[in-house]
Each structure stands twice: as C-alpha cells, then as structure tokens.
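Labels below follow one simple rule: chain letters A, B, ... track the order of the sequence lines, proteins then strands, and each chain is numbered from 1.
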There are 2 protein chains.
Amino acid sequence: MNDISPPRKRRNAGRVTLNDVARQVGVSALTVSRFFNHPERVSQALRQRIGEAVSALGYVPNLMAGSLASARSRIVGMVIPNISGPIFADTIQAFSDTLARHGHQLLLASSYFSLEQEENAVRTFLGWSPAALVVTSHFHSESTEKILAEAEIPVVETWDYQPGRAPIQVGFLHYDVGVMAARHLLDKGYRRIAFVLNSAVGDFSALERRAGYGDTLQAAGLESWSFAPSAECVPFEAGKQAMESLMKEARPPDAIIFANDNLAAGGLLTARRMGLRVPDDCAVMGFGDYAFSGMLLPALSTIRPPARLIGEIAALRVLESLSVIPSTTPLQRLNRLECELVEREST
Amino acid sequence: MNDISPPRKRRNAGRVTLNDVARQVGVSALTVSRFFNHPERVSQALRQRIGEAVSALGYVPNLMAGSLASARSRIVGMVIPNISGPIFADTIQAFSDTLARHGHQLLLASSYFSLEQEENAVRTFLGWSPAALVVTSHFHSESTEKILAEAEIPVVETWDYQPGRAPIQVGFLHYDVGVMAARHLLDKGYRRIAFVLNSAVGDFSALERRAGYGDTLQAAGLESWSFAPSAECVPFEAGKQAMESLMKEARPPDAIIFANDNLAAGGLLTARRMGLRVPDDCAVMGFGDYAFSGMLLPALSTIRPPARLIGEIAALRVLESLSVIPSTTPLQRLNRLECELVEREST
DNA sequence: TTGTATGCGTTATCAG
DNA sequence: CTGATAACGCATACAA
C-alpha cells in the first residue's frame, strides 16, 4: 500500500523560485543568484541561458528572502513632515527618483511635525532592515536619537545643517534664512519689522529662522517682535489673522516676515482687502517660494530653499554610504546648501 | 580534548530576535510571535511579562522574516505619475495616512506618465510580495496588465473610473469632466471654445477630458478645436504659448479650457500681459484647483477633483480586500467620485 | 493556552 | 567559475 502521504506543500506553492530557474537551466540555484548579484562572476554562456530562462519563466526575485538572508535590503526609509505641502514634495520626488535610478526603493511616512509620529515611523521602518534612513531636521525625541544612533545604518538628516552631529547633514541653516530675510528688509530701509510664526506646532525650524531675524534686528539696534497665530488655524488663515492683528497695533510694522509663503499669501491678500498698499504701507516677505508666490499680486518676495537639491544630494549620500556609487572623496558628512533670495514686488 | 569548534555565528549576530525575548520570559518563541499577531490568544499574565521583555530588550520584529514566512507583507506599493506636482500629492498623503493608521506601509514610485516606468515599478514592487498594488488610471502597457492580473493580490486603479475592468476603481470619469467644463461655458454663453492639451506626453486622461468637451460642443452644433503645446515646455510656458497662438488666429476663441491649472495660469497671466480682459475678451478654465488657483487675478474657474478622497478610499478598499478592516457590504469594486465645478472670476 | 517541528527563498561560507 | 550546505528570523500546521 502506498501510505506515504504526499508531502503537501504548505504555502506559497505557486511562485517561481530561484530553484525553478536553476533546474530549467541545469545549474545550481547559487549560480542563478550570482547571475543577479554578481553577473561578472558567471560565464558568458551561462549568463545567456539563465537570462532566457528567467524571462521564459517570468521569475521575479523574492526580495524578502534575499534581504533576510543578506540582512540588508534595498529599501530606504524617509520620514518627512508632510507629503502634500508645497515644500517637501520636491525633495521627496528628487530623492525617490535618484534612489530608483540605482535600484533602491522609497518607503515613506509623514510625521506632521510630531516627534512621536516620527519615532513610530522610524521604529516601524527599522523592522524592514532598511539600507538607510532619512529624517527631517535635527529635532527628534530622545528615543529616536537613540534608535538612530544604534541602527548601524547610514542616517541622513535633511532640511537642516547642524555641525557636530553624527548623522550626515544635507540642508541649510534656518538661522541664516532669518538673517537673510531681515538683512534684505533692513537694506530696503524698513525699520519696524515683525515676524509671524507658523501655526503648525512642532515646526521648530521656523523658530530658528526667527532667531536669525531677532539677532539681526538687535544687532541693528532695532526692536524685534513676533506674532504667534492660533494653533488651530490653517496657515492661510493664520496669515490673515496675523496681518489684521499686527496692523491694529499702536505702532504697526512697516514690514512682516512670515514663517512661510502660505502664511505670507494670507497676509498679503488680507492687506489688500484692508486697503493697505504692499509694500508701501507694509512689506511682506515669505519663505519657501511656493508655486503660487510669483503669481500673487503683488508678487511675493521670498526665500527659496533648494528643495530638489536636498532630495537628490541626500539620496547620493545614502548611495555613497552604501557603496552603491563611488564616494565623492571624501564622503562629506556635511552638505551645506544655499537658499536663494527671490526679490519680487512685495518688499 | 575539546575539539568541537564553536559553531561560529555567521551573520547578523547582534540583533535581538524573537528567541531572545522568549528566553528572557521563559516561554517559546511562538508565544511571543502570538503576542504580536494574536494578542487575544495569549494569557493576560504572559502578555504583561512579554510586553516588558520586549521593551527592555528593545526588540523590533523583523518584518522581512515575518513576511517571508507568511508570504505576505504589510507593504502596499503605489505607482503615481509624480509626487511633486500639485495634484497627486494629496492623494499620496491621504493614502499613506490611512494605510499607516492600520499598520501598513507605503512603497512609492513615480512613472512620469511613462508606461514603461510604471511597468518597471510594478515589477520591482512585486519582488517585495506587497499586500496590494495601487496604480493610476486604466492606461497600462500590455505586460503590466498581465502582471497585475496574475499577481493574485488586490489591485486598485485610482484617478479613474472604468466599469468592466477587473481592478477596483476609485476615481471619476475624465470624460465627464470635459463635459462639465464645456457645459459650464456654454451655459455662460460662450460659443467659440478651444481646448488646450497638456504638454506632458502620456497624460491620456487629458485626452479623455477633451473627448468629453468635443462631444458636448458637437452636440450643441458648435465647432471644437484643440491646441497641442510643444512637448518640451513646462506646463506654465505651454499655457502661455497656447494663449498667444490661439488669440492670433483669424477667429480667436471666446473661451479656453486648459488641461490643467498650471497651463491655465500660464494662459491667464499671458492674456493679461497681452492686454486682454479675462473673462470679457476670453474666458479661461482649468482643471485641478491647485493651491494658487484662487489667488490668481482674476481667480481661476476650474474643476476640483477629489484628490484626498481618492487616496483615502483607495486605501480603505485595499484594507477591506485584505480583511484588515471590515468590508463595507458589499465590497464595491467601483467607486465613482464626483468632481466639483469651482466657478470663480475667469469665466 | 502553549509548544515542537518544519519551511519560506535567498545568500554567506567554504570547498572544489 | 561553480556547487553543497547552513543559516537568516519568523509563522504555519499540528499536537498536547
């Protein structure tokens, strides 16, 4: 009697595997593996035949298995405050494209400026044994810092530049942006310059920009002051609120620096509705150079961050760290990029 | 003599594993596994102790190993034309957020409207044994169609609605958008209405919008004609080019429908520079309702697609298909959403 | 409610 | 240049 119950395959029975290809060609699975990872170590003849078998069978390498075995993946995790805002999308796009060009994939999560959400994302990503991790700014929770330090993979911080930290930095000094904005307005002759903070809580970078503004005004012997909109507001409304409130003061400002272009747009349109002339009655300055900024009336003066460049360079640094591409000698841990002053009609 | 050479650990020696946790607690690895996947099947007392051990040891589940063993992952791949354009970012954001709320991660790639790049992305994603795949529109290469059909995982098509196809659809009929735009202009009394195509090649959805416009005009006994900008142009420049060219014709249009708001913005500003009054000399209509559209002068009339909703519903359909959340009875394969006419000053 | 044995598909190690 | 074998860390089927 044939009592040997057939060794039932338990799970993923359908999938074409490395072994199937190997059997088809008549070589060992290992050779097929090499065909993908080190083609130069496989003889020309075999390469040809394996290539044919692969496409004939429609074999797709199981990256899970490969990553498990080699303890490294071609996934790079990125945590960024948001995707749909006008400012980070370019960074994500450039980052993703550069990564893809070199066979790596982007795992994406947004933090909404929340340190806690960032930590969650980092923790989850780590479960995927990512090849590298990219975060935004140098503001993290203590646990996140610890996790990143112990991760033993390349870590890149974007949209910021902070010498003295372990991770690779790709960005700029927000403090300098504040200085740049203040200097521009001082040069133009404005003297009562206010700063409007972001309504999004957790945007610590905006605080650094304000610090740059504050110090510059102080150095010029001028008074600095800032307005903090209600936290519930969407940025556009917050800008409106700021403009109305500031212009009602006993001694209103003759220029306002907004933490970003959304706020500035709200302020700009509100000023016009209030019958104020911009920039004659009050100059307006933003940050970000969003798509609409040049189309406003008057066109908004602002500071343009190198959003795409940040994404691209961050990706290159990651790939260099992984030795996927040759390192630009030496691997610079600090990549200071420049923001550009875009002077238009509102100042 | 003790000749037994120590079984040298070969690779990932440092990592804390399920076994480490199990040993610490004094249970089997399986119980710890259950702690994560089926907490309700673990006794209260053990749950407590395992939880403590997990955080004490800083254990992070290796999702690669888990996915390999179970042949399914918590990764969902999304291929979308672009990330940084103003129109898809909201969809990505909503999709990612909804996914994250239910413990799934987003693997993202952009196709730039290229069928080939889309196919590459899909192929690569499949190597990760994704839980599901989301693509944009119903336009794919034949191979992509085949791959998706054979993938045996939920597939969702977004930004489109095409009855009669296998994948779940979440979107709207672009044809209807063309009809809506044309009707709006006809209602307002315009009679010589032109259509400006997108400069991005591969944007087939824009062609469907034009078809809707064309049929509507024909039904009204009116002539329809369209302008195709040079393919190299960025959209804003293409809009400028279109406006200049169309208004130079012997019988210029009295209204123009642009394939999207970027083009429309270019056209609008150009019209003003040419000394034309909008909408008196020529009405302008866009598609997308980008962030700047309401801030233009005159404010742009346009059609607003449900970008966020598409992302959210696509995610929900994916999660339902995976039985991660209860299915809204029955699992509708077709999810027709509505676009909204946003009438402002330019029509 | 908990444990034992086994396999997921690939790559590292070491040998030829 | 090619191959046999043992991991990688976890989840499934089945048993207790």
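Residue contacts for B/Leu46: at a heavy-atom cut-off of 4.0 Å it reaches the sugar-phosphate backbone alone, with no base atom in range.
Within the structure, a side-chain polar atom (N or O) of A/Ser33 is placed less than 4.0 Å from OP1 or OP2 of C/dT11. Put simply, A/Asn37 has a side-chain N or O that comes within less than 4.0 Å of OP1 or OP2 on C/dT11. A sub-4.0 Å separation between OP1 or OP2 of D/dA4 and a side-chain N or O of A/Ser28 is absent. OP1 and OP2 of D/dC1 both lie 4.0 Å or more from every side-chain N or O belonging to A/Thr31.
A straight line from CG of B/Leu68 to P of D/dC8 spans 14 Å, rounded to a whole angstrom. Atoms CG (B/Leu30) and C1' (D/dC14) sit 11 Å apart, rounded to a whole Å. If you take CZ of A/Arg23 and C1' of D/dG3, they are 16 Å apart, rounded to a whole angstrom. Here C/dG7 presents its C1' atom at 13 Å from CG of A/Asn19, a figure rounded to the nearest Å. Here D/dA11 presents its P atom at 13 Å from CE of A/Met64, a figure rounded to the nearest Å.
With respect to the salt-bridge test (charged N to carboxylate O, under 4.0 angstrom), the residues A/Arg101 and A/Glu312 do not qualify. Using a 4.0 Å cut-off between charged nitrogen and carboxylate oxygen, A/Arg49 and A/Glu52 do not count as a salt-bridge pair.
Out of D/dC10, C/dG9, D/dT2, the shortest distance to the side chain of B/Leu18 is found at D/dC10. The side chain of B/Ala65 has D/dC10 as its nearest neighbour among D/dC10, C/dG3, C/dT10. Side-chain atoms of B/Ala69 lie closest to D/dG9 of the nucleotides D/dG9, C/dT11, D/dG3. Looking at the side chain of B/Ser70, the nearest of the listed nucleotides C/dG9, D/dT12, D/dT2 is D/dT12.
When the options A/Thr91, A/Leu309, A/Val156 are evaluated for a side-chain contact (heavy atoms from CB on, under 4.5 Å) with A/Val170, the one that passes is A/Val156.
Across residues 48-59 of chain B, not one residue has a non-hydrogen atom less than 4.0 Å from an atom of DNA chain C.
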